[in-house]
Each structure stands twice: as structure tokens, then as C-alpha cells.
Amino acid sequence: MEYTCLLITFSATAILGFVFVVFFEAYKRRNNHQHIEVPAIFEDPSSLKQVPCPHIVDPATKYISLIIPAFNEEDRLPGALDETMNYLQRRTLKDPSFTYEVIIIDDGSADDTKRVAFEFVRKYTVDKVRIILLGRNHGKGEAIRKGMLHSRGELLLMLDADGATKVTDLEKLENQIQAVAKSKYHQGDSSNTDPRFRISDIPVAVFGSRAHLEEKAIATRKWYRNFLMKGFHLVVLLAAGPGIRDTQCGFKMFTRAAARKLFSNVHLKRWCFDVELVFLCKRFKIPISEVSVNWSEIPGSKVNLLSIPNMLWELVLMSVGYRTGMWRISNST
């Protein structure tokens, strides 16, 4: 009897301790949506002059911005950037009105990622390729947010530095955004000639999805990885609600209006900021849809089984933060 009482007391104390830690951590992150202190500076390596830094609240001056977070990517980044720049240049030759920029965010890399990235700035000029140095590692979510908030595009695409998704698939997301934006504007095809229509002003989000590859992946993946994947999907469903099958694909496109609302409010900096984006889209009533993309496994992934507990932890913090009102959402942007 005495042992049982001690066990109950210990369990209750452990539960209360866990709840306290969750609320304390959620409270600590209540202001995470505010910009980090490191200023965004674009440097021209040819002249060593600083380039004026735009902000998401400014009008768009490019058609599309590609946001690439990079942490210790000296080996994988060159191939992905070569493919990306070749595609963008080919498209510009076909359509001179197609303007672009690539923003690489070095998230505190300890290798030569910075040097590799600046080689592309020298090759293509600072107008087309720009680098933000975060100084220390903040996490993929914070790196993407920094790039989004200092971009110039009407459309903003986040994509991984490993090139796992073919950059040409951005056209699938682009076409979907165009279709949804026109439908939302209630002008149909006439919006192409309506001077009042600006795609940058219509909040829309489109996620690249690997869900169509899931059946094949399940057949080849270890049983415990399938178990963890299904468990994570269930937790995501409880935290962000239904509607999106693949929240973690690193290939997502937003209109400028959508990015302004979302990335001015996102709190999570690392593992599950993608899930928070889904949650915020629903809060802001931003149309969000999935488009199947080509995807291949690239060696050197930073995600492993130890990532799962971190993801679950951030989902718990997100749920507590928003449901208690500690994490506030600004509608002013």
C-alpha cells in the first residue's frame, strides 16, 4: 500500500513537472515571432558594398523569390544551385518579363557553405543571388522566415539546399497559385487583363507533396519508421487539423500577401514550423492546397530518428501556446 502511494505521488509529481515545463517553455517563446536581432545585410562581394535590404511589407520588385536555407551544405549546395540557376536563366530567355532572385540563408554553418554561396553571388551578381548570414545556428524555420521577410518577389518559394525536389516543379505550384488567386479574385480568366489584379495581393499558399510516394516508401521502410511516421501524422492532425497530407515537404510557395501574414507570426524555429504554417493558414483563412512533386532521397539528410521527439515537443508547445493565448497572432500585416 505504501509503495502504491509513493508511486502515485511520484507519477503525479512527474506529470505536474512536465506540465510546468511545457507552459514555461511555451511562455518563453511567446515573442519568437519577433525578428531575431541579427540584421539582414546583403553584401556585394565584387565591391564589398552593402545593398539596401528590402522587407516583406514593401511592394514586390521581382516576380519570384527562391528561399534556400543552408546549414553545412558545402557539398550539396553547388549542384542544387547550378540546376536552379540554369532553369531560371532558361526561363528568362523565353520570357524577359520573368524576373527572379535566389536568397541563400547561411544558418550558422561551420563548413564552407558561405564561400560556396558567395561564388554564386560573384557569378550571377547580387541582384540575382543574395546571402543572409545568421551568424549562429537558429534552425531551418528561422532561416526561411528571415529569407521570406527580406525578399522581393510576388511569389515566394522555399526549397531545400539538397535539390531533392526538381526546381522545374515550381511551375506546378505556380500554376495552382495562379488558378486559386484568380478564382479568389472572382474575375476568372479576365484577371489576366484586369489592371487591378496583382497576384502578390491575394493570400494563397501551395505545398509540394510527396504523399503520392508514400505507398512505395512504406513498402521499403523499416517497420518502426512506418510506425513513427503514422504516429507523427496523427499528432499533426490533432495539432493543426485535417487537410494536408504532407506537411514536411520542403517545397512550398506563397504569394507575397500570404507570406507577409504567415512569416510575421510564426513562432517555431526548427522542426515543426511547417505544421505551424498550416495552422496559421487556417487561422487567416488563407487557401492552402497540395500539389504532387517529384522527390528523391539525397544522401546527407539532417533528419533522423532523434528528430521525432523534437518534433513532438514543438507540436506540444504550439498547441499549448496558441490554445492558452500566450502565442498571439497579429492581423496588422
Side-chain angles (χ1 to χ4, degrees), residues 11-36 69 138-146 148-149 158 203 205 207 209-211 214 224-250 252 254 258-290 302-333:
S11 300
T13 303
I15 293 171
L16 288 174
F18 177 75
V19 171
F20 174 80
V21 171
V22 168
F23 274 79
F24 178 71
E25 285 296 323
Y27 179 77
K28 276 174 55 180
R29 302 186 192 202
R30 70 194 184 283
N31 294 322
N32 267 14
H33 61 293
Q34 297 175 358
H35 223 0
I36 61 176
H138 290 273
K140 181 181 178 181
E142 183 60 42
I144 290 175
R145 181 173 67 143
K146 193 77 167 181
M148 289 280 178
L149 292 180
M158 54 175 269
F207 285 18
S209 174
R210 303 159 299 180
E214 190 170 291
Y224 59 85
R225 295 194 66 174
N226 288 326
F227 176 78
L228 290 171
M229 180 194 70
K230 292 295 185 182
F232 180 72
H233 286 176
L234 176 61
V235 175
V236 169
L237 179 66
L238 295 174
I244 299 298
R245 294 177 63 193
D246 183 7
T247 59
Q248 302 309 111
C249 180
K252 298 179 175 68
F254 310 88
R260 185 181 303 123
K261 287 179 175 292
L262 297 172
F263 290 95
S264 296
N265 282 285
V266 68
H267 286 71
L268 297 178
K269 295 185 176 185
R270 293 189 178 274
W271 306 98
C272 284
F273 75 97
D274 307 80
V275 180
E276 188 179 7
L277 288 174
V278 175
F279 177 85
L280 289 171
C281 279
K282 293 182 178 182
R283 277 291 187 96
F284 284 118
K285 293 182 170 55
I286 294 174
I288 178 173
S289 53
E290 283 184 290
K302 308 290 193 304
V303 179
N304 52 51
L305 289 178
L306 295 178
S307 304
I308 299 296
N310 291 308
M311 291 178 176
L312 296 175
W313 173 244
E314 285 203 337
L315 288 177
V316 170
L317 292 180
M318 187 188 84
S319 297
V320 171
Y322 282 117
R323 283 177 169 80
T324 60
M326 283 189 284
W327 293 11
R328 297 182 180 180
I329 298 176
S330 171
N331 292 284
S332 60
T333 51

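FYI, side chains are in, hydrogens and waters are out, and symmetry mates aren't considered; it's all heavy atoms of this structure.
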Considering all heavy atoms, the nearest [X]-[Y] contact:
| X | Y | answer |
| --- | --- | --- |
| K140 | G250 | NZ-CA, 4.2 Å |
| R283 | Y322 | NH2-O, 4.4 Å |
| F273 | L268 | CB-O, 3.4 Å |
| V320 | M326 | CG1-CE, 4.0 Å |
| A259 | M148 | CB-SD, 4.4 Å |
| G139 | R270 | CA-NH1, 3.5 Å |

| Check: E276 side chain, M318 main-chain N or O, donor-acceptor pair, under 3.5 Å | no
| said: Treating E290 as the side-chain partner and S209 as the backbone partner, does any N or O pair qualify as donor plus acceptor under 3.5 Å? | reply: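 The answer is no, because no donor-acceptor pair under 3.5 Å joins these two groups.
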Rounded distance [0.5 Å steps], [atom1] in [X] versus [atom2] in [Y]:
| X | Y | atom1 | atom2 | answer |
| --- | --- | --- | --- | --- |
| K269 | R145 | NZ | CZ | 6.0 Å |
| F279 | H267 | CZ | NE2 | 10.5 Å |
| C281 | L262 | SG | CG | 4.5 Å |

| said: Please identify which of these residues, I288, V275, V266, meets the side-chain contact (heavy atoms from CB on, under 4.5 Å) condition with L280. | reply: V266
Measuring only between side-chain heavy atoms, which start at C-beta, is [X] closer than 4.5 Å to [Y]?
| X | Y | value |
| --- | --- | --- |
| F254 | M158 | yes |
| L277 | F263 | yes |
| F207 | D274 | no |

| message | Tell me every residue that passes side chain to side chain contact (heavy atoms under 4.5 Å, CB included) with P203, counting only those two or more places apart in sequence or in another chain. | response |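 Applying side chain to side chain contact (heavy atoms under 4.5 Å, CB included) to P203 gives K184, A257, A258, I286.
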